[in-house]
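Working notes, beginning with the structure itself.
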Amino acid sequence: MKTLLACLLALSTISAPALAQNYPDRPVRVLVPFAPGGVVDIAARHVSEQLSKTWNQSVIVENRPGGNGFIATTAAARAAPDGYTLLMAHTGEFSVNPAVFPKVPYDLDRDFEPITLVSDTPLVLATKSDSKLDSIKTVIELSKATPDSLTFSSPGRGSFNHLAGEWFANSAGIELMHVPYRGGSPAAAAVASGEVSLGVVAASSMDQFVKSGHVKILAVMTKRKIASRPDWPTLEDAGVKDVDAANWVGLFAPKGTPPEILEKINRDVNEALQSRKLQETFAMGGGEAVGTTPQEFRVRIARDLQTNREIAQRANVQMQE
């Protein structure tokens, strides 16, 4: 009996490193809660391409849009915890949905293992290029002079962009009327066409309209400037001090995934994010390739969730199930 127990213990000590060494020995799929072309999908495809080369194995992006991210996120939570189903998600799934929905069909601590923060993309305040709004100061002055005269677009009610717009309005002491759209691209297009006064969108979503001359950026909604666009001022430059709204994207695995596999994925993804190719790719969209420890990522998620709960409560933003 003692001999058998000793053998089993010996096998267990060998199996852990071997498990990570052999992973992956078949294709890995990465679930994305959105349609192709958005910031999460783009991040997933760039990272998956690099991992495919590192692992010499297919890493397949699978888009499952809909339901405020619930569909893909719940599917990932229910997947086998073996490292062969991962989730690329963003601020909305873990730092916004729990703040605005009374019930969410998944739970970070119960269902997931955060692996690493992949990218951080600042939101921007934009307006049509020929708009009379030429600065944040003008926005504040006009809004105070004629309350409810200014509108702002976002990818949807209860989205992070919606909350960021309310955050800005509250910090600036003004009132803005929210106009929700079905996604970041329509919200950006509404700014370019003049349907709305302002847009609260990811820098990457507005890039094409800025280049075409249809839109101008009034401010970056983070405390730091975008490295690739140092000419864009921040809200803090305009005297709005406490807003710091960036849309992060991160990688998750189902709860119970072996630690050795999680460590390997974290190491290989973070190495990929330090490559010049990915650094330049994310910078082109106004974002930043990051890479963190799982604990650092957890701290970021919790901090943003607390901030979003406070904003949602102040602005009375609550969603139905």
Side-chain angles (χ1 to χ4, degrees), residues 30 32-54 59 61 63 65 88-92 115-129 153-155 159-161 164 181 183-192 198-235 237 244-251 268-292 297 300:
V30 180
V32 172
F34 305 97
V39 63
V40 183
D41 176 74
I42 291 170
R45 292 184 187 279
H46 286 311
V47 170
S48 295
E49 181 183 3
Q50 292 297 109
L51 289 179
S52 294
K53 295 175 182 177
T54 300
V59 181
V61 175
N63 299 88
M88 190 73 81
H90 80 332
T91 310
I115 297 175
T116 186
L117 180 64
V118 170
S119 68
D120 222 6
T121 303
L123 297 185
V124 296
L125 267 170
T127 190
K128 193 176 180 184
S129 56
S153 66
S154 85
S159 65
F160 177 56
N161 304 53
Y181 287 80
S185 294
V191 180
L198 301 162
V200 177
V201 292
S204 54
S205 297
M206 199 52 78
D207 187 57
Q208 61 173 314
F209 297 109
V210 173
K211 289 179 178 177
S212 67
H214 290 92
V215 163
K216 59 187 176 184
I217 303 300
L218 296 180
V220 178
M221 299 183 74
T222 52
K223 293 184 180 298
R224 70 183 188 284
K225 292 194 174 188
I226 296 176
S228 59
R229 296 305 304 261
D231 53 315
W232 291 354
T234 65
L235 284 175
D237 292 335
D244 194 17
N247 205 351
W248 56 256
V249 174
L251 191 63
D268 292 345
V269 172
N270 286 350
E271 184 176 336
L273 292 172
Q274 294 307 308
S275 69
R276 182 175 179 179
K277 180 180 179 180
L278 285 194
Q279 290 280 331
E280 291 178 349
T281 297
F282 283 107
M284 285 174 59
E288 177 187 7
V290 187
T292 63
F297 190 17
R300 172 64 182 275

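We use all heavy atoms of the structure for the numbers below, so side chains are in, but hydrogens, waters and symmetry mates are not.
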Might you point out which heavy atoms bring [X] and [Y] nearest each other, and give the distance in Å?
X	Y	value
Pro155	Val200	CD-O, 4.2 Å
Ser205	Ala188	O-CB, 3.7 Å
Ala43	Phe282	CB-CE2, 3.9 Å
Ala35	Asp41	O-CB, 3.8 Å
Ala203	Ile226	CB-CD1, 3.9 Å
Ala246	Arg300	O-NH2, 3.8 Å

Taking the side chain as every heavy atom from C-beta outward, state whether [X] and [Y] have any atom pair closer than 4.5 Å.
X	Y	value
Val220	Lys225	no
Phe297	Leu117	yes
Arg224	Thr234	no
Phe209	Val191	no
Val249	Met88	yes
Tyr181	Val201	no

**Message:** Consider side chain to side chain contact (heavy atoms under 4.5 Å, CB included). Of Leu251, Thr292, Val269, which one does Ile115 pass it with?
**Reply:**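 Answer to the side chain to side chain contact (heavy atoms under 4.5 Å, CB included) test with Ile115 among Leu251, Thr292, Val269: Leu251.
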
**Check: Phe160 ring centroid to His90 ring centroid under 6.0 Å** = no

**Message:** Just checking Glu271: does its CD atom have more than 12 heavy atoms from other residues, nucleotides or ligands closer to it than 6.0 angstrom?
**Reply:**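 Not buried by this count: 12 neighbours or fewer within 6.0 Å.
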
Is it the case that the side chain of [X] and the backbone of [Y] share a donor-acceptor pair, with hydrogens and angles ignored and the cut-off at 3.5 Å?
X	Y	value
Gln274	Val290	yes
Gln279	Leu273	yes
Ser129	Gly213	yes

**Message:** Could you tell me if Asn247 and Thr121 have a donor-acceptor pair between their side chains, going purely by distance under 3.5 Å?
**Reply:**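 Judged by distance alone, the side chains do not pair up.
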
**Message:** Less than 3.5 Å apart, any donor N or O on the side chain of Asn270 or Thr116 sitting next to an acceptor on the other?
**Reply:**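 A donor-acceptor contact under 3.5 Å links the two side chains.
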
Using 0.5 Å steps for rounding, measure from the [atom1] atom of [X] to the [atom2] atom of [Y].
X	Y	atom1	atom2	value
Asp207	Ser228	CG	OG	8.5 Å
Ser204	Leu123	OG	CG	9.0 Å
Thr222	Asp120	OG1	CG	8.5 Å
Met221	Asp244	CE	CG	10.0 Å
Met206	Ile217	CE	CD1	6.0 Å
Glu49	Lys277	CD	NZ	4.0 Å

**Request:** Apply side-chain contact (heavy atoms from CB on, under 4.5 Å) to Val30 and Val47, showing your working.
**Result:** CA-CA 10 Å; Val30 180; Val47 170; over 6 Å; no

